[in-house]
Enquirer: 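One structure, pasted below without further comment.
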Amino acid sequence: MNTCHSCQHELLIGKPVGRRDVCPFCSADLHCCLNCMFYDTRAPKQCREPMADLVREKGKANFCDYFVFAESRADNVHREVEQSRKALDDLFKK
């Protein structure tokens, strides 16, 4: 499920997100880094797509051709926690 980065409401998106599309609940831009699956604060330029140009305002609409709407951030965080926990268990043979 897709969620808005700003208000965390779940969104039903049946088409590609355009640069001018906004959240129907809070009017935040949807085609922005904070909603993209490549957004990663630990990566260079905060983007895991190496060919993407630098975007300075991560919460504003942009023209990035690599944009793909991310799954829910809560789902991603939960998945990362579980993967990290499994890796530690495997490391210590638990």
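The residues of the chain are indexed from 1 along the displayed sequence.
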Enquirer: Would you name the heavy atoms of G59 and L34 that are closest together and state the gap between them?
Expert: CA-CD1, 3.7 Å
Enquirer: Excluding sequence neighbours, so at least two apart, what forms side chain to side chain contact (heavy atoms under 4.5 Å, CB included) with C47?
Expert: F38, E49, A52
Enquirer: Do the charged groups of K86 and D90 touch, with an N to O distance under 4.0 Å?
Expert: yes
Enquirer: Identify the two heavy atoms, one from F69 and one from T3, that lie closest to each other, and give their separation to 0.1 Å.
Expert: CE2-O, 3.5 Å
Enquirer: Rounded to the nearest 0.5 Å, what's the gap from CD1 on I13 to CG on L30? Could you check?
Expert: 6.0 Å
Enquirer: What residue pairs, at least two apart or across chains, pass salt bridge (Lys or Arg N to Asp or Glu O under 4.0 Å) with a residue in residues 31-41?
Expert: D40-R42, D40-R48
Enquirer: For the hydrophobic clusters of this structure (ILVMFWY residues joined by side-chain heavy atoms under 4.5 Å, transitively), does one cluster hold both M37 and M51?
Expert: yes
Enquirer: Applying ring-ring contact (aromatic ring centres under 6.0 Å, His included), can you list everything that pairs with F25, at least two apart in sequence or on another chain?
Expert: H9
Enquirer: Are Y66 and V17 connected in the hydrophobic side-chain network, where two residues link if heavy atoms are under 4.5 Å apart?
Expert: no
Enquirer: Just grab all the side-chain hydrogen bond (donor to acceptor under 3.5 Å, both in side chains) pairs involving residues 11-21, residues at least two apart or on different chains.
Expert: K15-D21
Enquirer: Going by side chain to side chain contact (heavy atoms under 4.5 Å, CB included), name the residues that satisfy it together with V22, two or more places apart in sequence or in a different chain.
Expert: D29
Enquirer: Less than 4.5 Å apart, side chain to side chain, heavy atoms only: is that true for C32 and H5?
Expert: yes
Enquirer: Grab the two heavy atoms, one from C4 and one from N35, that are nearest each other, plus how far apart they are.
Expert: C-OD1, 3.9 Å
Enquirer: Test of understanding: with side chain to side chain contact (heavy atoms under 4.5 Å, CB included), list the residues that count as partners of L54, not counting sequence neighbours.
Expert: K45, R56, K58
Enquirer: Evaluate side chain to side chain contact (heavy atoms under 4.5 Å, CB included) for C36 paired with C64, printing each intermediate quantity in order.
Expert: CA-CA 10 Å; C36 184; C64 183; over 6 Å; no
Enquirer: Should C23 and C7 count as side-chain neighbours, where that means a heavy-atom distance under 4.5 Å?
Expert: yes
